[in-house]
Protein chains: 2
Amino acid sequence: MSKDTAPRTSIRVPSAHGDATRQHILEVAGRLYADGGRDSVTSKQVCTAAAVNLAGVNYHFGSREGLYTAVLVEAHRRLFSRAALSAIADGAGDARAKLGQVIDTLVGGIGQDGWHLRVFVRELISPSPALDTMILVEAGPKLAILKSLLAEAMGLEADDVRLARCFLSTFAPCMMLLIANKSVLGRVMGQLWQDPPALARHLKTFAFAGLDAAVRAPA
Amino acid sequence: MSKDTAPRTSIRVPSAHGDATRQHILEVAGRLYADGGRDSVTSKQVCTAAAVNLAGVNYHFGSREGLYTAVLVEAHRRLFSRAALSAIADGAGDARAKLGQVIDTLVGGIGQDGWHLRVFVRELISPSPALDTMILVEAGPKLAILKSLLAEAMGLEADDVRLARCFLSTFAPCMMLLIANKSVLGRVMGQLWQDPPALARHLKTFAFAGLDAAVRAPA
């Protein structure tokens, strides 16, 4: 395997040590971006906070933009891993059962509190060029799986205009629970988190009834 | 009426001129907070950008914290005005028809793009002490109206544990459409905004079917 001293122009085969350093920089940068927003964080700040050489960002991420893009991709990965989603999609059961498992998994992730949520939401309200890369490499493939499950569960073609609306209605409540600040939502919405299994049951009951009604309604 | 030169300790009766100045400072501060976040904006920056005397913030808002709180309250007001909501709640029709009008109004607000959305979402992902005031004076009364409409439409008592969950499922899709960046959501979710009346119809169909199912399901 190549060393950390390999020339930057070569295709780098990651070493265990290099991976650990990369991951460490990613964590430190993620927290800084979450607190201050991407524009206020310099590579120097990241390297100082991570206690790595100033060339560390460039070595592992190519540039400051490369670092931010990697952080954003990692943020989406932590929101819902592609491996978990693929396992559900490739597993047993019909499309509706699989959608139910996705909702269960999303509810299971509620209450996590990490930099990834704030980095993700900051990017959504104020998009940067890194968003296109994140959608391409991380969010897009996962959304395609979800849309395909939804189409199958509803018996609709992939280009049916109702799919995007049903996607929104099915997953917006889960997403809001995932990304909202728990104490804020708790103060205005009451005890949503007291009984996660009941919450997951509710989300599935509501969504499946809504999907049935949407299929019956005119497009 | 008192003048802008009235002592700060008196109870100020707003003058038309004072109100215009106050509103101007609020607008300028709202844009600055939306871009930079509350912690990075000083009263001096606001006064410079608004071209008002440095005492202007303190005169109209008491302090930097007072200014931010006023901006946050104004942000929620622009999201959905209490006057519009009260008019629906006090108007004709049953609770379900009124919920439908609320959804129509929320969909009607989609596509607006102002500082209020970003200030609001920034506060939600990273709450400040001003949030309690905003909830108390602005969000709370509106949420109480919505929850009461929902309870009436579902035939549930005000303390039923299902209400908070149904509130989430009914309004999260509308909220997400309101606060999300349109171009981002469009890129990943397709043409949600092409046909606003169809979108509003869908949201109502989905929500009412979900509410019916939630009432039938065990709590």
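In what follows, chains are A, B, ... by sequence order, proteins preceding strands, each numbered from 1.
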Q. So which of B/R216, B/Q194, B/K147 has the largest heavy-atom pair count under 4.5 angstrom toward chain A?
A.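 Ranked by contacts with chain A, first place is B/K147.
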Q.
Out of B/G140, B/A207, B/G37, B/A139, return the one with the most heavy atom pairs under 4.5 angstrom to chain A.
A.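 It is B/A207.
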Which one wins on heavy-atom pair count under 4.5 Å against chain B: [options]?
options: A/L177, A/L203, A/D132, A/T170; value: A/D132
options: A/D39, A/L163, A/T205; value: A/T205
options: A/C174, A/A209, A/P173; value: A/P173

Q.
Does any backbone or side-chain atom of B/L168 lie under 4.5 Å from a heavy atom of chain A? Answer side chain, backbone, both or neither.
A.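 For B/L168, backbone and side chain are both near chain A.
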Q: With a 4.5 angstrom heavy-atom cut-off, could you sort out which part of B/L117 is near chain A: side chain, backbone, both or neither?
A: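 When you check distances to chain A, no heavy atom of B/L117 falls under 4.5 Å.
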Q) If you round to the nearest 0.5 Å, how far is CZ of B/R162 from NE2 of A/H202? A)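 If I round to the nearest 0.5 Å, the distance is 11.0 Å.
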(Q) If I take atom CZ from residue A/R165 and atom CG from residue B/D195, how far apart are they, to the nearest 0.5 angstrom? (A) 6.0 Å
Q. Given B/L192 and A/F167, is the side chain to side chain contact (heavy atoms under 4.5 Å, CB included) satisfied, shown in steps?
A. CA-CA 10 Å; B/L192 282 165; A/F167 186 90; over 6 Å; no
Measuring heavy-atom distances to chain B, does [X] have an atom under 4.5 Å in its side chain, in its backbone, in both, or in neither?
X: A/C166; result: both
X: A/R122; result: both
X: A/L199; result: both

